[in-house]
Peer 1: 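Sending over a structure as structure tokens; questions will come in a sec.
The structure displayed is predicted, hence computed values, not measured ones.
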Amino acid sequence: MVGWEKALHIRFEPGSCWLEEEDVEIPNRRVLITGATGLLGRAVYKEFKANNWHSVGCGYSRARPLFEKVNLLDLTAVHSLIQDFQPHVIVHCAAERRPDVVDSQPDAASQLNVAASGTIAKEAAVVGAFLIYISTDYVFDGTNPPYKENDVPNPLNLYGKTKLEGEKVVLANNAGAAVLRIPILYGEVEQLEESAVTVMFDKVQFNNKSANMDHWQQRFPTYVKDVASICRQLAEKRMVITDSPVVGALRPRNAQLDCSRLRMLGIGHQTPFRVGIKESLWPFLTDKRWRQTVFH
């Protein structure tokens, strides 16, 4: 089942141009993605759109022209967005994810990671939308992996604490919401600094810069396209799945997550790291000859 709406297109002919209305087919399944300008949000938006969902993304500083510009701390703006669009599903990707930034700006981070999440949960409940809240492996302390859904969280840093508080406020205000905890992400970055997995690439590529790397913390790089696929599969099944080492904020040594419940539901998508990292870093290669050999 689909709907229809009018869209304006610019038509050109030599010496003239004009606006023309056309009927556009709009899928009737509606999904709203917050943080759609970010690394994960972009992948989630593309995944739903490519699978016949009417997808609307929102962001803030980088929103225009593709996405809606919405301040998630503005209660009226969030209410209007959700009431006007009436989504069936909301994937809440927006968050402050940089632990050291959370440490330096705790109030702002708490407002986004906790307060805004509570607002979205309430508004989702009002319209009956299935909410997927993106959380993190940093809710665990990394001492007893792999972690299952019912393991007791014990975040070491303020980032993990705000995301855990976000989980609690989401579930308190929307009992039907799903919490999806994810590890460190990589994917099609706009800048190498956008992911902690790709940030070192220039130093590796040019071999003329020194770099310090942490060899203590164990991480499990996760491809954003895989997470996006799982979000879509969750949405389509409408299943609820949840009931110092480095300078700066403390990190858990090994917060590996157990994905057996997703597999039990028949949900999953796992891109081999070699394949995913090649696709992510390919645009940033500068030596065309090196392109042919570096990933083989």
Side-chain angles (χ1 to χ4, degrees), residues 29-45 47-49 53-63 66-98 102 105-136 138-139 153 159-182 185 224 227-228 230-232 234-236 238-243:
R29 299 184 298 178
R30 298 181 298 278
V31 59
L32 172 66
I33 299 101
T34 72
T37 60
L39 177 62
L40 177 59
R42 296 193 302 269
V44 172
Y45 176 83
E47 172 71 19
F48 276 90
K49 193 171 182 65
W53 283 74
H54 184 187
S55 305
V56 168
C58 67
Y60 192 59
S61 60
R62 297 180 291 168
L66 181 59
F67 302 121
E68 297 290 324
K69 183 173 183 177
V70 179
N71 180 357
L72 296 181
L73 304 184
D74 184 333
L75 302 182
T76 301
V78 173
H79 174 80
S80 297
L81 175 67
I82 294 175
Q83 283 292 326
D84 291 347
F85 185 49
Q86 293 284 310
H88 298 103
V89 174
I90 300 173
V91 185
H92 182 30
C93 299
E96 177 50 73
R97 291 189 171 84
R98 298 165 294 179
V102 175
Q105 302 175 28
D107 292 339
S110 180
Q111 284 295 307
L112 181 58
N113 291 357
V114 183
S117 299
T119 299
I120 291 168
K122 292 176 186 176
E123 295 294 342
V126 169
V127 298
F130 174 49
L131 173 62
I132 301 174
Y133 172 76
I134 302 298
S135 190
T136 174
Y138 271 28
V139 300
Y159 164 61
K161 291 175 182 176
T162 63
K163 292 301 290 182
L164 180 58
E165 287 304 309
E167 292 183 9
K168 292 176 180 178
V169 74
V170 162
L171 295 175
N173 288 285
N174 191 322
V179 171
L180 185 63
R181 293 168 176 155
I182 58 174
L185 294 172
V224 290
V227 179
I230 286 170
C231 286
R232 178 184 57 79
L234 278 172
E236 291 176 353
R238 194 177 170 83
M239 303 288 284
V240 177
I241 62 164
T242 67
D243 218 7

Peer 1: Do other residues, nucleotides or ligands put more than 12 heavy atoms under 6.0 Å from Phe85 CZ?
Peer 2: yes
Peer 1: Rounded to the nearest 0.5 Å, what separation is found between the CD1 atom of Ile120 and the SG atom of Cys58?
Peer 2: 7.0 Å
Peer 1: Is any side-chain heavy atom of Ser61 closer than 4.5 Å to a side-chain heavy atom of Thr37?
Peer 2: no
Peer 1: Are Leu40 and Val91 packed together at the side-chain level, in the sense that at least one heavy-atom pair is separated by less than 4.5 angstrom?
Peer 2: no
Peer 1: Under the rule for side chain to side chain contact (heavy atoms under 4.5 Å, CB included), what residues qualify as partners of Thr136, not counting sequence neighbours?
Peer 2: Tyr138, Val139, Tyr159, Lys163
Peer 1: Starting at CD of Gln105, measure out to OG of Ser110 and round the result to the nearest 0.5 Å.
Peer 2: 12.5 Å
Peer 1: Per the side-chain contact (heavy atoms from CB on, under 4.5 Å) rule, which among Leu81, Leu32, Val56 passes with Pro87?
Peer 2: Leu32
Peer 1: Nearest 0.5 Å, what's the CD-OG1 distance between Glu96 and Thr162?
Peer 2: 8.5 Å
Peer 1: Take Arg30 and Trp53, measure what side-chain contact (heavy atoms from CB on, under 4.5 Å) needs, and give me the verdict at the end.
Peer 2: CA-CA 6 Å; Arg30 298 181 298 278; Trp53 283 74; 5.8 Å; no
Peer 1: Could you state the interatomic distance from CG (Leu180) to NE2 (His92), rounded to the nearest 0.5 Å?
Peer 2: 13.0 Å
Peer 1: Which residues pass the side chain to side chain contact (heavy atoms under 4.5 Å, CB included) test with Ala125, sequence neighbours left out?
Peer 2: Asn174
Peer 1: Could you please spell out the steps behind the side-chain contact (heavy atoms from CB on, under 4.5 Å) verdict for Arg42 and Leu39?
Peer 2: CA-CA 6 Å; Arg42 296 193 302 269; Leu39 177 62; 3.9 Å; yes
Peer 1: Could you please spell out the steps behind the side-chain contact (heavy atoms from CB on, under 4.5 Å) verdict for Val102 and Lys161?
Peer 2: CA-CA 10 Å; Val102 175; Lys161 291 175 182 176; over 6 Å; no
Peer 1: Which pair of non-hydrogen atoms, one from Glu167 and one from Ser135, has the smallest distance, and what is that distance?
Peer 2: OE2-OG, 2.6 Å
Peer 1: Using every non-hydrogen atom in the two residues, find where Leu72 and Val78 come nearest and quote the distance to one decimal.
Peer 2: O-CG2, 3.6 Å
Peer 1: Within this structure, what is the NZ-CD1 distance for the pair Lys122 and Ile82, rounded to the nearest 0.5 Å?
Peer 2: 12.5 Å
Peer 1: Can you tell me how far OH of Tyr133 sits from CZ of Arg181, rounded to the nearest 0.5 angstrom?
Peer 2: 10.0 Å
Peer 1: Quick check: closest heavy atoms across Gly35 and Ala94, and the distance to 0.1 Å?
Peer 2: N-CB, 3.6 Å
Peer 1: If we only count heavy atoms from C-beta on, is the Ile90 to Glu123 side-chain gap below 4.5 Å?
Peer 2: no
Peer 1: Is any side-chain heavy atom of His88 closer than 4.5 Å to one of Arg238?
Peer 2: no
